[in-house]
Amino acid sequence: MTNPPLPAAAQNNAPAYNALLDYNLLRPQWTEDQVVDACEKALTLAVNCVIVRPCDVDAAARTGVRIGSVCGWPFGDQTTGVQLNEARD
């Protein structure tokens with residue numbers, strides 16, 4: 001099943017739609033260089049923010065992109081205390 005094409009008005013306003021999107025960069029095998037490259041791509045796409053692993057926050061911050069991160073990813077099976085510590089770190 002494929003998605004229907006965007007209406008012409010949506011195609012002309014892609015940056016406006018991109019500003020509503022968060023760009024997920026949570027692949028566990030990615031290197032720091034790959035994360036930085038993806039963050040630079042996100043800047044050109046003008047997305048709202050990138051979502052990165054906690055270990056990639058510093059690398060993403062150097063690119064100037066807006067950043068979000070995760071706690072308890074991917075399963076969320078850590079205790080609340082562990083997730084709070086992740087958020088503080």
Is L84 isolated, or which residues cluster with it under the ILVMFWY side-chain rule of less than 4.5 Å, directly or via members?
none
All heavy atoms of A60 vs all of C39, minimum pair found to be CB-SG, 3.6 Å
Between side-chain atoms of residues 23-30 and protein atoms elsewhere (two or more places apart, or another chain), which donor-acceptor pairs fall under 3.5 Å?
from : atom 1 : to  : atom 2 : distance (Å)
N24  : OD1    : L26 : N      : 3.0

Using the side-chain hydrogen bond (donor to acceptor under 3.5 Å, both in side chains) rule, collect all pairs that involve residues 67-84, keeping only residues at least two apart or in two chains.
none
Count I, L, V, M, F, W, Y as connected when their side-chain heavy atoms are under 4.5 Å apart, and connections chain through other members. Are V57 and V47 then in the same cluster?
yes
Verify, without hydrogens or angle tests, whether N18 (side chain) and L45 (backbone) share a donor-acceptor contact under 3.5 angstrom.
yes
Could you pull out the closest heavy-atom pair between N48 and L20, with the gap in Å?
CB-C, 4.4 Å
Is there side-chain contact between C49 and V65, with at least one heavy-atom pair below 4.5 Å?
no
Show every salt bridge (charged side-chain N to carboxylate O under 4.0 Å, His left out) that has at least one partner inside residues 63-72, sequence neighbours left out.
none
Set of residues satisfying side chain to side chain donor-acceptor pair (under 3.5 Å) with respect to Q34, sequence neighbours excluded
T31
Under 4.5 Å between side-chain heavy atoms, chaining through other members, with only Ile, Leu, Val, Met, Phe, Trp and Tyr counted: pull out the rest of the cluster around F75, sorted by chain and number.
none
Of all pairs that satisfy salt bridge (charged side-chain N to carboxylate O under 4.0 Å, His left out), the ones with a partner from residues 52-61, not counting sequence neighbours:
R53-D56
In short, salt bridge (charged side-chain N to carboxylate O under 4.0 Å, His left out) pairs touching residues 32-43 with sequence neighbours left out are E32-R62
